[in-house]
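Everything on this sheet refers to the single structure shown next.
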Amino acid sequence: MKRILIKDLDNHIDEQVRIQGWLQTLRDQKNMQFLIIRDRTGLVQVAHYKKGNLELAETISMLGTESALTLTGKVVKNEVVKLGGLEIQLEDLSVEGAADVPLPFEPYGEFLPDQDFRLDWRYLDLRRDLNRLIFEVQTTAEQAMREYWLDHDFVEIHSPKIMGAPSESGAELFSLPYFETTAYLAQSPQFYKQMAMAAGFERVFEIGPVFRADPSFTSRHMTEFTGVDMEMSWIDSHEDVMAFMERWLAYTYEKVIEAHGEAIEETFGVHLTVPSVPFPRITMAEAHDLLEDLGYKLPPGKVFDLDPGAERAIGAHFKETQGHDYVFVTEWPFEVRPFYHMLKSEGGSLTRSFDLLGKGLEVTTGAQREHRYDVLQTQALAKGLTLEPIQNYLNYFRYGTPPHGGFGFGLSRFLMIMLDLSNIREAVYLFRGPTRLTP
RNA sequence: GGGGGCGUGGUGUAGUGGUUUAACAUGCGGCCCUGUCAAGGCCGAGACCGCGGGUUCGAAUCCCGUCGCUCCCGCCA
């Protein structure tokens, strides 16, 4: 017999059906047993008259909640049943996966344990509808991003995650034994996607893992996360990248709202709207003036930079004045940017780079890259780097590499912003942090 | 790496110097009742209050250390 999903049961009134799911609640009475069964589409009550099958009644009595079951029975309309006005009269039940008693915690209980405890039992935590929705949204979002890229002639790449030499600073790299030598886990596909520009691919994207050996203890950092990266050639400035990005993001919102807007509103209380294009923009200098007006005081060291509090303040300001969740911060000083960001003007101190803040959270860094070999060398030296370790990278710019730029975007941070999640651990399938390597 | 907060039955909390044989909820076990539906009623098991030291006549409660978790800062996506 074919399995029927719970949401479709009302199309099968008075039919015998087979359903599969988890036992959410068991009400074991003197004459009757009521089982509330959950599958990924909903809940249904299953009724069993004990005297009709004493052996089955005994099996049911022994069941632990959250056991995985296959049940067959007849679907009947019953207005008395508060759960959908229908129920299944049980005929047979098989226990596919019994749940030990007691459970570490009840996924559908009145209260939830601490997050750290839920993470220990992540698969039980993930049984909650809310968690399933997060990953449905993620799936839709990624598909929309890909659609948009493909509609704009992008090519997908998968760059290696094992590297022979530290690429940028080296401080935040994990190292690992690699036969007779030491290898490093990629902390960004940055250099490899730029290589694709040197290769003439013109437009590439990659969605893949990124590793950062920073011992960061915050609600928005992970040591492994999914980076969403793109790079495009023949641009005039970083403004071309920003213009592409905001349309790409708006398209993603459109698709997510179309598929999950209602569910998101119900579950997270967030009414999603497509962010209007163009997104607000503010230069670093303007941002500092704004912060002064807002009465936000930056720490003394942050002369040409922002701290998280400043980012939140700027985000809140644009929400208030323009009703916009996103804002680009542009014209970052070279001092706080990597050596490969192109300068705004030759010899100047500002770069052609931007950050994108979503609800005050940094979700993207992007820039036009410096593609001129000699200028790039000069900038690396200005940062105090030695050229030898990055010579392979520098070589990408020796034989005709077009002007280009791109960005890196945090997938889980994006979900946090979209769904108002307060902690990145809730937005990722399995969290990895300085003290969390399991499950 | 620096700073703050928290750590009490399986889980979530209360208790913050002596009416504590540590309370309540939920979960678990047993019984009762009932086509139940946030089911209800009664009974029961389950915590030496993270760990170690100290102060005190007396410590879950105060102090010190330590470990764990968490948030903020640094850093970034």
Side-chain angles (χ1 to χ4, degrees), chain A residues 24-36 43-50 61-62 64-66 76 78-87 89 99-121 124-125 168-169 171-172 187-190 207-229 298-299 301-302 305-312 336-338 355-358 361-366 407-417 422-425 427-428 433-436:
Chain A
Q24 187 156 320
T25 304
L26 170 63
R27 286 190 276 275
D28 196 353
Q29 304 183 169
K30 190 175 188 180
N31 300 310
M32 294 292 297
Q33 290 168 319
F34 298 97
L35 301 86
I36 306 302
L43 297 171
V44 66
Q45 171 167 294
V46 176
H48 181 236
Y49 179 60
K50 282 170 131 178
S61 290
M62 302 301 292
T65 50
E66 292 299 317
V76 296
N78 186 345
E79 295 307 328
V80 177
V81 178
K82 293 178 182 172
L83 192 59
L86 61 78
E87 69 181 1
Q89 293 173 337
D100 274 358
V101 175
L103 293 160
F105 76 96
E106 298 271 327
Y108 285 85
E110 283 178 36
F111 46 76
L112 284 174
D114 281 348
Q115 183 179 66
D116 191 55
F117 186 85
R118 284 189 284 122
L119 259 37
D120 285 338
W121 295 96
L124 287 179
D125 192 34
E168 298 179 41
S169 71
E172 55 190 21
Q187 96 285 40
S188 151
Q190 183 60 38
I207 300 178
V210 172
F211 305 91
R212 301 277 166 94
D214 281 326
S216 293
F217 299 93
T218 75
S219 56
R220 60 188 185 279
H221 286 86
M222 302 189 275
T223 50
E224 175 180 352
F225 63 93
T226 301
V228 176
D229 276 84
L298 280 160
K302 298 276 184 187
D305 204 352
L306 300 175
D307 69 357
E311 293 175 342
R312 288 190 288 271
V336 298
R337 291 306 217 190
D355 271 15
L356 179 66
L357 306 180
L361 176 65
E362 198 173 321
V363 70
T364 293
T365 296
F407 64 79
F409 172 91
L411 184 60
S412 297
R413 285 196 179 178
F414 173 59
L415 289 170
M416 286 176 78
I417 293 164
S422 62
N423 193 305
I424 203 159
R425 294 165 181 83
V428 69
T435 60
R436 168 68 69 175

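Note that the coordinates shown come from a computational prediction; the quantities given were computed from them, not determined experimentally. Convention: sequence-line order gives letters A, B, ...; per-chain numbering from 1. Reckoned from all heavy atoms, side chains included, excluding hydrogens, waters and symmetry mates.
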_Please list all pairs meeting salt bridge (charged side-chain N to carboxylate O under 4.0 Å, His left out) that have one or both residues in residues 109-121 of chain A, counting only residues at least two apart or in different chains._
A:Asp116-A:Arg436, A:Arg118-A:Asp125, A:Arg118-A:Glu426, A:Asp120-A:Arg436
Name all residues meeting the side chain to side chain donor-acceptor pair (under 3.5 Å) criterion together with [X]; count only those two or more places apart in sequence or in a different chain, and write none if there are none.
{"X": "A:Tyr108", "result": "A:Asp129"}
{"X": "A:Asp355", "result": "A:Arg337, A:Thr365"}
{"X": "A:Glu362", "result": "none"}

What N/O pairs connect the protein and nucleotides 70-73 of chain B at under 3.5 Å? Give each pair on its own line.
| from | atom 1 | to | atom 2 | distance (Å) |
| --- | --- | --- | --- | --- |
| B:C71 | OP1 | A:Asn423 | ND2 | 2.0 |
| B:C71 | OP1 | A:Arg425 | NH1 | 3.4 |
| B:C71 | OP2 | A:Arg425 | NH1 | 3.3 |
| B:C71 | OP2 | A:Arg425 | NH2 | 3.4 |
| B:C72 | OP1 | A:Ser219 | OG | 3.2 |
| B:C72 | OP2 | A:Ser219 | N | 3.0 |
| B:C72 | OP2 | A:Ser219 | OG | 3.2 |
| B:C72 | N4 | A:Phe217 | O | 3.0 |
| B:C73 | OP1 | A:Arg312 | NH2 | 3.0 |
| B:C73 | OP2 | A:Arg220 | NH1 | 3.3 |
| B:C73 | OP2 | A:Arg220 | NH2 | 3.2 |

_Could you spell out the base pairing of RNA chain B as a dot-bracket line? Use Watson-Crick and G-U wobble contacts where both distances are under 3.5 Å, [ ] for crossing pairs, | for partners on a different strand._
((((((((.[[[[.)..(....]]]].(((((.......))))).....[[[[[..)....]]]]])))))))....
*asked:* Applying ring pair (Phe, Tyr, Trp, His ring centres under 6.0 Å), can you list everything that pairs with A:Phe407, at least two apart in sequence or on another chain?
replied: A:Trp248
Filtered N/O pairs between nucleotides 33-36 of chain B and protein, under 3.5 Å:
| from | atom 1 | to | atom 2 | distance (Å) |
| --- | --- | --- | --- | --- |
| B:U34 | O4 | A:Lys30 | N | 2.6 |
| B:G35 | N1 | A:Glu87 | OE2 | 2.7 |
| B:G35 | N2 | A:Gln45 | NE2 | 3.3 |
| B:G35 | N2 | A:Glu87 | OE1 | 2.3 |
| B:G35 | N2 | A:Glu87 | OE2 | 3.0 |
| B:U36 | O4' | A:Gln29 | OE1 | 2.7 |
| B:U36 | O2' | A:Arg27 | NE | 3.4 |
| B:U36 | O2' | A:Gln29 | OE1 | 3.2 |
| B:U36 | O2 | A:Arg27 | NE | 3.0 |
| B:U36 | N3 | A:Gln45 | OE1 | 2.9 |
| B:U36 | N3 | A:Gln45 | NE2 | 2.9 |
| B:U36 | O4 | A:Gln45 | NE2 | 2.6 |

Is there any protein nitrogen or oxygen under 3.5 Å from a nitrogen or oxygen in nucleotides 40-44 of chain B, and what are the pairs?
none

*For A:Glu66, all residues meeting salt bridge (Lys or Arg N to Asp or Glu O under 4.0 Å), sequence neighbours excluded*: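 Per chain and number, A:Glu66 pairs via salt bridge (Lys or Arg N to Asp or Glu O under 4.0 Å) with A:Arg38, A:Arg127.
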_Residue list, side-chain contact (heavy atoms from CB on, under 4.5 Å) with A:Val81, at least two apart or on another chain_ =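 So A:Val81 forms a side-chain contact (heavy atoms from CB on, under 4.5 Å) with A:Gln45, A:Asn78, A:Leu83, A:Glu87.
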*asked:* At 4.0 Å (heavy atoms only), tell me whether A:Thr226 reaches a base, stays on the sugar-phosphate, or touches nothing.
replied: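 Contact class for A:Thr226: none.
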_Is A:Phe105 stacked against the base of B:G10, taking the criterion as centroid distance under 5.5 angstrom and interplanar angle under 30°?_
no
Any heavy-atom pair between the side chains of [Y] and [X] that's under 4.5 Å?
{"X": "A:Arg413", "Y": "A:His221", "value": "yes"}
{"X": "A:Phe117", "Y": "A:Pro104", "value": "yes"}
{"X": "A:Gln29", "Y": "A:Phe34", "value": "yes"}

Filtered N/O pairs between nucleotides 24-31 of chain B and protein, under 3.5 Å:
none

*For B:A77, does OP1 or OP2 lie under 4.0 Å from any side-chain N or O of A:Thr365?*
yes
